[in-house]
Amino acid sequence: MTVLNTRISLVALACAFVSPSLLAEDSSLTNPAISAVLNGYYQTGERPLAESPDGFGLGETELAMSANIDDMFYGKITAVVEMHDGDTELNLEEAFIQTMAMPAGLSIRGGRFLSDIGYLNNQHLHTDSFTDRPVVYRAFLGGHYFDDGIRFNYVAPTDLYWTMGVEAFKGDSLRAADEHGEREFKKVGVYTLYSKIGGDIGDNSSWQAGLSYLRNENGQVTAHEEGEHEDEHAHGDEHAHGDEHAHGDEHEGHSHAASYTGKNTYGADFVYKWAPNGNYKYQNLTVSGEYYRVSDFTPIDLHPEDAPSQDYHQGWYLSSVYQFTPSWSAGVRYGEADTQELHGDHFHGQKLKESEVSLAWHSSHFSTVRFQYTNQKGTNFDGIEDDNIFTIQYIMSLGAHGAHQF
């Protein structure tokens with residue numbers, strides 16, 4: 001069975017990318033950047049909240065097209081093909097326009113796009129140095145948060161790089177659970193604020209640090225009836241993909257929904273990069289980390305004696321990746337997610353810890369083969385057991401592809 005969430009076929013999408021009649025309508029579209037990213041893997045186990053089951057599988061296969069629309073706007077569309085429960089799904093990850101000629105460092109983006117909160121979120125998954133996003137991203141942002149909305153961004157005229165912005169989104173994938181379908185969700189559910197500042201340290205190093213805030217109007221959970229959650233949990237893994245737990249609507253296929261939500265999310269991130277004389281081709285080091293705290297999730301009508309010990313979830317990761325030759329890089333990453341899970345009328349604390357080591361071979365900028373070892377330890381976390389997972393992954397890029405974020 002093939003599930004096409006956007007109600008368009010792969011053939012139609014490909015024809016739209018390369019149709020001569022489409023390109024002839026506007027001469028500014030005669031040289032669009034067209035690319036595809038192929039992603040495949042084999043792994044010996046399944047990570048909680050991840051989109052990749054064990055065994056052989058396909059990760060996100062990306063089809064993208066972008067171009068300057070005229071001297072005022074830039075546009076991009078990114079479609080992602082995924083496998084889920086034996087079905088092939090096509091999702092639109094990006095379909096936006098952005099201004100190019102606004103004064104005073106201002107810009108506006110509208111449509112569907114990746115939120116600019118945090119460090120990793122505005123980057124596509126194939127640019128990562130590990131096979132999956134950190135567990136804190138999988139738990140609180142559904143892996144990577146993209147949505148329909150609008151962004152206002154400002155770059156300050158300072159010696160250091162300093163940008164700040166505000167976003168408003170529908171917020172469907174960050175909605176709290178609504179098992180009975182009786183909740184009225186706000187149509188504009190998510191608002192974000194972010195600020196990032198960075199600069200150089202001599203000729204060899206650069207850095208960036210950021211703060212983020214996400215307001216989720218639909219993020220506070222509602223209390224379950226006594227014993228209801230236990231029964232549901234016993235008959236199926238509600239959190240394997242984060243869909244049923246967090247998403248308020250019924251959708252064909254699956255979505256990148258967050259599994260643990262709350263009214264307020266606070267984030268802090270940093271990244272440090274080093275390369276001899278700023279030349280990243282032959283040798284470089286990247287150290288990065290992020291922390292998120294998701295608060296105010298406890299139901300209003302919950303009895304005080306049933307309240308959790310803490311009214312917040314939190315998680316973080318720290319990673320380091322060293323490219324020691326033009327063809328080889330190695331990375332280590334450690335991350336945790338500390339959450340509260342509602343069972344009937346009371347909460348249980350749970351924690352997941354992941355330690356990961358990766359080794360990657362790069363024939364060029366366009367091809368990567370990655371080997372990764374993951375050790376996961378769970379404390380009452382969705383019923384998982386401690387596990388060791390081995391993964392081999394390939395990522396291959398075809399065609400022109402835009403420059404990656406810092």
Side-chain angles (χ1 to χ4, degrees), residues 49 51 60 62 64 66 74-78 80 91-99 106-128 133-134 136-155 163-176 185-197 208-219 242 246-247 255-271 288 290-295 313 315-317 402 404-406:
L49 312 176
E51 298 290 332
E60 289 193 351
E62 176 186 297
S66 62
Y74 167 82
K76 183 176 184 180
I77 179 171
T78 303
V80 174
N91 292 289
L92 276 179
E93 187 171 280
E94 294 177 307
F96 66 84
I97 59 171
Q98 180 167 321
T99 60
L106 297 170
S107 65
I108 301 174
R109 177 178 293 192
R112 177 173 296 182
F113 53 91
L114 296 162
S115 172
D116 208 9
I117 61 172
Y119 173 60
L120 286 178
N121 194 73
N122 65 4
Q123 305 179 42
H124 292 149
L125 297 181
H126 68 84
T127 67
D128 289 3
R133 285 281 157 97
V136 60
Y137 264 78
R138 305 194 315 261
F140 303 155
L141 296 173
H144 60 310
Y145 177 49
F146 59 91
D147 207 343
D148 300 339
I150 190 169
R151 172 192 299 164
F152 296 89
N153 193 80
Y154 171 67
V155 178
T163 184
M164 61 199 78
V166 57
E167 302 168 325
F169 294 109
K170 289 174 60 177
D172 287 2
S173 63
L174 298 187
R175 289 177 178 177
F185 292 104
K186 293 187 178 181
K187 299 301 182 182
V188 181
V190 168
Y191 302 89
T192 74
L193 293 171
Y194 61 85
S195 180
K196 302 178 183 182
I197 189 169
Q208 179 180 283
L211 295 173
S212 303
Y213 170 71
L214 186 149
R215 173 71 177 184
N216 188 351
E217 298 291 345
N218 301 316
H247 210 286
S255 61
H256 296 271
S259 295
Y260 300 94
T261 64
K263 277 189 175 182
N264 302 295
T265 299
Y266 307 90
D269 60 270
F270 80 94
V271 59
S288 61
E290 297 185 61
Y291 170 82
Y292 287 94
R293 179 171 175 145
V294 181
S295 67
H313 313 297
W316 60 276
Y317 77 89
H404 296 157
Q405 299 281 346
F406 175 78

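What you see is a predicted model; the values in this text were computed from it and never measured. When reading the values below, keep in mind they use all heavy atoms of this one structure, side chains included, and skip hydrogens, waters and symmetry mates.
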Rounded distance [0.5 Å steps], [atom1] in [X] versus [atom2] in [Y]:
X: K263; Y: L214; atom1: NZ; atom2: CG; value: 14.0 Å
X: N91; Y: T78; atom1: CG; atom2: OG1; value: 12.5 Å
X: I108; Y: I97; atom1: CD1; atom2: CD1; value: 9.5 Å
X: M164; Y: Y154; atom1: CE; atom2: OH; value: 6.5 Å
X: D147; Y: S115; atom1: CG; atom2: OG; value: 9.0 Å

For the side chain of [X] and the backbone of [Y], is there at least one donor-acceptor N/O pair under 3.5 Å apart?
X: N264; Y: S295; answer: no
X: Y292; Y: Y137; answer: no
X: E290; Y: Y119; answer: yes
X: R151; Y: L114; answer: yes
X: K196; Y: I117; answer: no
X: S66; Y: K76; answer: no
X: E167; Y: D116; answer: yes
X: S195; Y: L211; answer: no
X: N121; Y: Y145; answer: yes

Contact summary for L49 and S259, nearest pair of heavy atoms
CD2-OG, 3.4 Å
For a quick test of reading the model, state the closest non-hydrogen atom pair linking G118 to S212 and the distance between them.
N-OG, 3.0 Å
Determine the interplanar angle of the Y260 and H313 rings, folded into 0 to 90°, and report it as parallel if under 30°, tilted if 30 to 60°, perpendicular if over 60°.
perpendicular
Note, [X] side chain near [Y] side chain (heavy atom, < 4.5 Å):
X: E217; Y: K187; answer: no
X: L120; Y: D128; answer: yes
X: Y266; Y: Y291; answer: no
X: V166; Y: F152; answer: yes

Do F169 and F113 have ring centres separated by under 6.0 Å?
yes
R215 charged N/C atom sitting above Y191 aromatic ring, 6.0 Å / 45°
no
Contacts of F146 meeting ring pair (Phe, Tyr, Trp, His ring centres under 6.0 Å) (sequence neighbours excluded), chain-then-number -> H144, H256
Step by step, work out the side chain to side chain contact (heavy atoms under 4.5 Å, CB included) result for I77 and L92.
CA-CA 8 Å; I77 179 171; L92 276 179; 3.8 Å; yes
For N153, which residues count as a side-chain hydrogen bond (donor to acceptor under 3.5 Å, both in side chains) partner, sequence neighbours excluded?
T163, Y194
Ignoring hydrogens and geometry beyond distance, is a side-chain donor-acceptor pair present between E60 and H124 at under 3.5 Å?
no
